[in-house]
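Just below is one structure, and these are the notes that go with it.
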Amino acid sequence: MKPTQYLFGSAAPPVFDVARVVEDAQADGWNVCLGLTPTAARWLTDSLDALDALTGHPVRWDYRMPGQPDMWPKPDAIVVAPTTFNTINQWALGITEKWIVGVVAEGIGKGIPMTMMPCVNRAFVNHPQFDRSIITLWEAGVRGLYGDGGFVPNEPGQGNPATYPWRSALDAVADVSDANSIT
């Protein structure tokens, strides 16, 4: 049985490449479940059925109703990428309005291996809460791929989604999980 990776994406331009990333994670030996922020799900509306078929699981972006069964297997590891300024801060502060933030906030307490890679510009990085949030998540055991070996912020309006280092995120989740023998 393949280990399960939750791949969670926020509304940043690299999320448009998520189908290829799912395929890469599957090629690495993962059973992938895809979760999105509500805005990312809206951006990918035309692709959601194909992404359901690709993963074999429904793409999720909202909390299920009380009493409704969970349609996903338990995760062995979670990748949160691309992670926006908003998602990073909500996660670090424990603001679980978004379903994926609720899962990863709880995942810290459950000890689920997690990797997070931002997708933010330098203007957001200069906000004082950003560094506090990154440090909070690192101290909670989340592997952050920020700076050398991960995502390096760009000037506002100068990002290139094609250069987003997805492979680094997929490699890092294998490193932090018990499933690292699958890659």
Has [X] got a side-chain atom pairing as donor or acceptor with [Y]'s backbone, closer than 3.5 angstrom?
| X | Y | result |
| --- | --- | --- |
| D52 | V59 | yes |
| S47 | A50 | no |
| T83 | M117 | yes |

Can the ring centroids of [X] and [Y] be said to lie less than 6.0 angstrom from one another?
| X | Y | value |
| --- | --- | --- |
| F124 | F130 | no |
| W61 | W43 | no |
| W30 | Y6 | no |

Can you tell me how far apart [atom1] ([X]) and [atom2] ([Y]) are? Round to the nearest 0.5 Å.
| X | Y | atom1 | atom2 | answer |
| --- | --- | --- | --- | --- |
| L7 | T115 | CG | OG1 | 11.0 Å |
| N86 | E97 | CG | CD | 8.5 Å |
| T45 | D49 | OG1 | CG | 10.0 Å |
| N154 | N121 | CG | CG | 6.0 Å |
| M116 | S10 | CE | OG | 10.0 Å |
| L54 | E23 | CG | CD | 5.0 Å |

Please report the closest heavy-atom contact between [X] and [Y], naming both atoms and the distance.
| X | Y | answer |
| --- | --- | --- |
| C119 | Y164 | CB-CE1, 3.7 Å |
| L48 | A41 | CD1-O, 3.9 Å |
| P69 | R64 | O-CD, 3.8 Å |
| P156 | A123 | CG-CB, 3.8 Å |
| A77 | V173 | CB-CG2, 3.4 Å |
| G107 | M114 | C-CE, 3.5 Å |

Counting only heavy atoms from other residues, nucleotides and ligands, does the tally under 6.0 Å from CD of Q68 exceed 12? yes
Student check: side-chain heavy atoms of [X] and [Y] closer than 4.5 Å:
| X | Y | answer |
| --- | --- | --- |
| W166 | P14 | yes |
| F151 | L145 | no |
| L93 | Q129 | yes |
| I95 | V101 | no |
| W91 | I108 | yes |
| K98 | Q90 | yes |
| V15 | L44 | yes |
| Q5 | C33 | no |

Could you go through R42 and L36, starting from their C-alpha distance and side-chain angles, then the distance that decides it, and tell me whether this counts as side-chain contact (heavy atoms from CB on, under 4.5 Å)? CA-CA 9 Å; R42 191 171 66 245; L36 302 166; over 6 Å; no
Is it the case that one hydrophobic cluster holds both V152 and L170, taking links as side-chain heavy atoms less than 4.5 Å apart, direct or via other members? no
Where do T37 and W99 land on the side-chain contact (heavy atoms from CB on, under 4.5 Å) test, with the steps shown first? CA-CA 7 Å; T37 62; W99 175 74; over 6 Å; no
Using a strict cut-off of less than 4.0 Å between a Lys/Arg side-chain nitrogen and an Asp/Glu carboxylate oxygen, indicate whether K2 and D76 qualify as a salt bridge. no
Checking H127 against N89 for the side chain to side chain donor-acceptor pair (under 3.5 Å) test, could you report, in this order, the C-alpha distance in whole Å, the side-chain angles of both residues, the deciding distance, and whether it holds? CA-CA 11 Å; H127 189 284; N89 290 325; 5.7 Å; no
On the ring face of W72, is R60 found with NZ or CZ under 6.0 Å from the centre and within 45° of the axis? yes
Which is it for T96 and Y63 under the side-chain contact (heavy atoms from CB on, under 4.5 Å) test, yes or no, and what are the steps along the way? CA-CA 10 Å; T96 60; Y63 286 98; 3.6 Å; yes
Quick one, T84 with T87, criterion side chain to side chain donor-acceptor pair (under 3.5 Å). Give me CA distance, side-chain angles, the key distance, then yes/no. CA-CA 5 Å; T84 61; T87 299; 3.2 Å; yes
